[in-house]
Amino acid sequence: MLFSACRTAKPIENTGFSRSDINASELLSQIPDYTNTLHTLKGKGKAIVSEPGNTERVTIYFSSSRAKSHITVKNGVGIEGGQMLTDGDTLLVYNKIDNYARKISIKEGNLSKINNLASLNILDMINFSIKGESIKDVLENENHYLLNLDSGAKVYLNKEKTMIREVRQPKTSKLPYSKIMYDGYSTINGYELPRRITIISADETSKVAFLVQSLETNPPLEELSIEIPGDATVYNQ
């Protein structure tokens, strides 16, 4: 059941696109953007983390504001393996089993496994927003719109419901992912959000297939932080 629910979305084929007659501002107004109304998220999900020669299944508990995201990871039998906290620039990882902490620069560090998910702001990832002035041009084919952004990123939208299906980043972005694919949109407290998200690492050697199982919108959050034991070994990078 987990493999079925967390199936990887099929990448969109970048073929058959031509310049669209639709105005970029008009199209942007149809894309759900809750930047001004959705301020916090809290929830639980299952993830399948795949890399060459290894696959892991974990449960993820997350809390996220627009500034920070906190993740607690538990293995298949419910044992907590660690916590991760990101502020968008750095990722603090606490490995509870081996009792060490490591602070990693997101744009300079070598991120792999679940770190690819943890290094992203969960709220910004689930509700990916686009600023109108960043759109260079709009293309379309039979089923999708394609927004080319000034940053070099490409955003693919379903034509039927104007939902984001895929975001691709150029290799020059220094972001921890090359591609994010969205699927399984549903309405939660008036917000239309994806329930299945697939993240491909920057080097395209690993991926995280994430299924959101429960989600609270705008819950009150305590300060997002990690309490590192005094006897833990702490590394930088």
Side-chain angles (χ1 to χ4, degrees), residues 2 5-12 28-49 58-73 83-89 91 106 111 113-131 134 147 149 151 153-158 161-169 173 175-202 207-221 224:
L2 178 57
C6 288
R7 69 181 186 275
T8 301
K10 185 178 180 181
I12 294 173
L28 198 62
S29 67
Q30 300 175 31
I31 305 171
D33 182 359
Y34 307 122
T35 305
N36 296 323
T37 59
L38 185 58
H39 306 294
T40 59
L41 286 178
K42 187 175 183 179
K44 171 188 174 183
K46 295 286 188 181
I48 298 176
V49 186
V58 296
T59 300
I60 293 173
Y61 299 83
F62 61 89
S63 299
S64 182
S65 66
R66 292 289 178 181
K68 293 182 178 181
S69 282
H70 179 274
I71 284 179
T72 299
V73 180
Q83 300 178 49
M84 303 176 190
L85 178 72
T86 184
D87 60 6
D89 295 319
L91 174 66
I106 290 175
L111 300 174
K113 296 186 178 179
I114 201 67
N115 291 353
N116 284 302
L117 173 60
S119 63
L120 302 174
N121 182 294
I122 299 294
L123 176 50
D124 288 341
M125 178 188 66
I126 288 179
N127 181 223
F128 187 90
S129 61
I130 306 166
K131 298 190 181 301
S134 69
L147 306 182
L149 307 187
S151 65
K154 296 179 179 295
V155 180
Y156 296 82
L157 312 171
N158 271 344
K161 296 190 68 175
T162 327
M163 295 294 179
I164 295 178
R165 271 276 289 111
E166 190 173 309
V167 177
R168 298 181 186 179
Q169 296 291 350
S173 71
L175 291 170
Y177 69 94
S178 61
K179 187 183 301 179
I180 301 180
M181 294 172 282
Y182 298 93
D183 200 1
Y185 279 87
S186 62
T187 302
I188 305 167
N189 297 328
Y191 298 103
E192 196 152 11
L193 302 170
R195 301 301 290 262
R196 291 192 298 271
I197 302 169
T198 302
I199 303 167
I200 309 297
S201 64
K207 68 181 178 182
V208 179
F210 182 47
L211 170 68
V212 179
Q213 295 179 301
S214 63
L215 191 64
E216 298 177 50
T217 57
N218 287 324
L221 298 180
L224 299 180

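The basis for the numbers below is simple: all heavy atoms, side chains too, and nothing from hydrogens, waters or symmetry mates. Source: prediction; values computed, not measured.
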Donor-acceptor under 3.5 Å (Tyr156 side chain, Met181 main chain): no

Check: Lys44 and Thr72 side chains under 4.5 Å, non-hydrogen atoms: no

Nearest-0.5 Å distance that lies between atom CG in Asn218 and atom OG in Ser65: 11.5 Å

Residue pair Ile126, Tyr191: steps toward the side chain to side chain contact (heavy atoms under 4.5 Å, CB included) verdict: CA-CA 11 Å; Ile126 288 179; Tyr191 298 103; over 6 Å; no

Nearest-0.5 Å distance that lies between atom OG1 in Thr162 and atom CD in Gln30: 4.5 Å

Pairwise side-chain contact, Asn189 with Glu216, heavy-atom cut-off 4.5 Å (strictly under): no

Heavy-atom side-chain proximity of Tyr182 to Leu193 below 4.5 angstrom: no

Side chain to side chain, Ser129 and Asp124, heavy atoms closer than 4.5 Å: no

Heavy-atom check, side chain of Leu117 versus side chain of Met125, under 4.5 Å: yes

The single option from Leu215, Leu221, Thr217 passing side chain to side chain contact (heavy atoms under 4.5 Å, CB included) against Lys42: Leu221

Exercise: identify the closest heavy-atom pair between Ser69 and Ser64: OG-OG, 2.7 Å

Heavy-atom check, side chain of Val155 versus side chain of Phe128, under 4.5 Å: yes

Between CZ on residue Arg168 and CD1 on residue Ile12, distance to nearest 0.5 Å: 7.0 Å

Where Ser214 and Phe62 come nearest, the two heavy atoms and their spacing: O-CZ, 4.4 Å

Over all atoms of both residues, closest heavy-atom pair of Val208 and Ala47: CG1-CB, 4.1 Å

Any side-chain donor near an acceptor of the partner, Asn121 and Thr86, under 3.5 Å: no

Reported CD1-to-CG distance for the pair Ile31 and Asn158, which is rounded to 0.5 angstrom: 11.0 Å

Backbone of His39 reached by a side-chain donor or acceptor of Arg66 within 3.5 Å: no

Candidate pair Ile60 and Gln213, rule side chain to side chain contact (heavy atoms under 4.5 Å, CB included), full reasoning: CA-CA 10 Å; Ile60 293 173; Gln213 295 179 301; over 6 Å; no

Spacing of CG belonging to Leu28 relative to CD1 belonging to Ile130, to within rounding of 0.5 Å: 6.0 Å

Sub-4.5 Å side-chain heavy-atom contact between Leu120 and Pro176: yes

Value rounded to 0.5 Å, distance of CZ in Arg196 from CG in Leu211: 7.5 Å

Any donor-acceptor N/O pair, Asn127 side chain to Pro32 backbone, under 3.5 Å: yes

Leu123 side chain near Thr40 side chain, heavy-atom distance below 4.5 Å: no

